Amino acid sequence: MTIAVIGSNMVDLITYTNSLPKAGETLEAPDFAIGCGGKGANQAVAAAKMGGNVMMVSKVGDDLFAPNTVANLQQQGVDTRFVTTAPGTSSGVAPIFVDDQSQNRILIIKGANQQLKPADIDDAAEALKACQLIILQLEIPLETVYYAIDFARQHQITVILNPAPAVATLDIDYACKCDFFMPNETELEILTGLPVSSDEEVILAGQSLLKRGLKNLIITLGSRGSVWMSGDEIHRVAATPVQAVDTSGAGDAFIGCFAYLLVETGDVAAAMTQASAYAACSVTGRGTQRAYPDAESFQRFLNRN
Ligand code: RIB
Ligand code: NA
């Protein structure tokens, strides 16, 4: 294995609607879809679909969703030896609401993901030591994230930390031990307490984090592209213009594709450009993982027109 995702899996319950009910109200929504999601699993699947050799360390619940989650990961080529059941828990689920502006609102119930513990990293230690890159998010306990960062440091494994969903109490000293810290603009705002509504504000907020000792900060900005900040260097990548249908999971598509290319080429700027196009391609389809192209369909997307 070359890439390990130590993180979450969720079942996405996606309602397509423009209006949400008030207390006591029943509303009908036009459409619904169920799919495999979770930021960890999404990133693992994106990297695997691009051709990466990917394993996951993750927890599923003790319920009817679990076998489907594991089967889906396997189908996408992700090694599930370390995806284990947390007895007596429900799987993580994510009710998602997508409006006709293609904006998403996501609620997460972490369920079994809360049971992913440092001991699970110890159980997978031999396989993890053989990896070149570990990807982390914040849908599992923080103590497990910190343990994984120390584990990676100890074994000279590159670490990407995607601080999603944002936790204001995240220990920035741990973020500084990571090679890449990759928030979106909302997460950057929560972590810094600074406004992020213009590009200038994003850069200022980013600089406030860099001052605390971050090595590489990559901020994803949706349709405004992405920016890589390191020391005094600022590198901007424009978004690939597309007709968006459903933006849920686009950030995960970016990170999974970026991770795969980083391992393959080591070229950060080029990996960002490709990852940005990969994420754009993902928003042209409904759902999260199900909208991620494999390497071949991604190539067709790049060659369109
Ligand atoms: O980032 C998108 C993901 O967030 C969804 O798949 C949902 O499961 C939540 O984890
Ligand atoms: Na999508």
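Atoms within a ligand are numbered from 1 in the order they appear, just like the ligands themselves. Quantities reported herein were computed from a predicted structural model and do not represent experimental measurements.
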query = Has the side chain of Glu189 got a donor or acceptor atom that lies under 3.5 Å from a matching backbone atom of Val196?
reply = no
request  = Determine the sole option in Leu217, Val159, Leu262 for which the side-chain contact (heavy atoms from CB on, under 4.5 Å) test with Phe180 is passed.
outcome  = Leu262
task = Provide the number and element of each atom of ligand 1 under 4.0 Å from a heavy atom of Gly37.
result = 6 (O), 8 (O)
query = For Asp150 and Gln154, does a side-chain donor sit closer than 3.5 Å to a side-chain acceptor?
reply = no
query = At a non-hydrogen distance cut-off of under 4.0 Å, which region of Glu139 contacts ligand 1 (side chain, backbone, both, or neither)?
reply = side chain
task = Please identify which atoms of ligand 1 are closer than 4.0 Å to at least one heavy atom of Asp12.
result = 5 (C), 6 (O), 7 (C), 8 (O)
key: Exercise: do Asn72 and Thr69 side chains pair donor with acceptor under 3.5 Å   = no
message = Suppose I only count heavy atoms of Met10 and a 4.0 Å limit; which atoms of ligand 1 are within that range?
response = 8 (O), 10 (O)
key: Over 12 foreign heavy atoms within 6.0 Å of CD, Glu143   = yes
inquiry  = When you measure from the heavy atoms of Gly38 to every atom of ligand 1, does any distance fall below 4.0 Å?
reply    = yes
query = Only one of Arg236, Met272, His235 forms a side-chain contact (heavy atoms from CB on, under 4.5 Å) with Val227, so which one is it?
reply = Arg236
ask   = Any idea how Phe151 and His155 line up, ring-wise: parallel (<30°), tilted (30 to 60°), or perpendicular (>60°)?
value = tilted
key: Shortest non-hydrogen contact between Pro293 and Cys281, atoms and distance   = CG-SG, 3.6 Å
task = Answer yes or no for Ala291: is there an N/O/S atom below the 3.0 Å cut-off from the Na ion (ligand 2)?
result = no
Polar side-chain atom of Tyr146 near backbone of Asp171 as donor-acceptor pair, under 3.5 Å = yes
ask   = Which of the N/O/S atoms in Asp246 sits closest to the Na ion (ligand 2)?
value = O
inquiry  = What I want to know is whether Ile108 and ligand 1 share at least one N or O pair that is separated by under 3.5 angstrom.
reply    = no
query = Backbone or side chain, does Gly287 get an N/O/S atom under 3.0 Å to the Na ion (ligand 2)?
reply = yes
ask   = Taking only heavy atoms of Ala94, which atoms of ligand 1 are found under 4.0 Å from at least one of them?
value = 7 (C), 8 (O)
remark   = Checking heavy atoms under 4.0 Å, the part of Lys39 that sits near ligand 1 is both
ask   = Any N/O of Asp252 closer than 3.5 Å to an N/O of ligand 1?
value = yes
task = Tell me, please, if Ser282 has any N/O/S atom, main chain or side chain, under 3.0 Å from the Na ion (ligand 2)?
result = yes
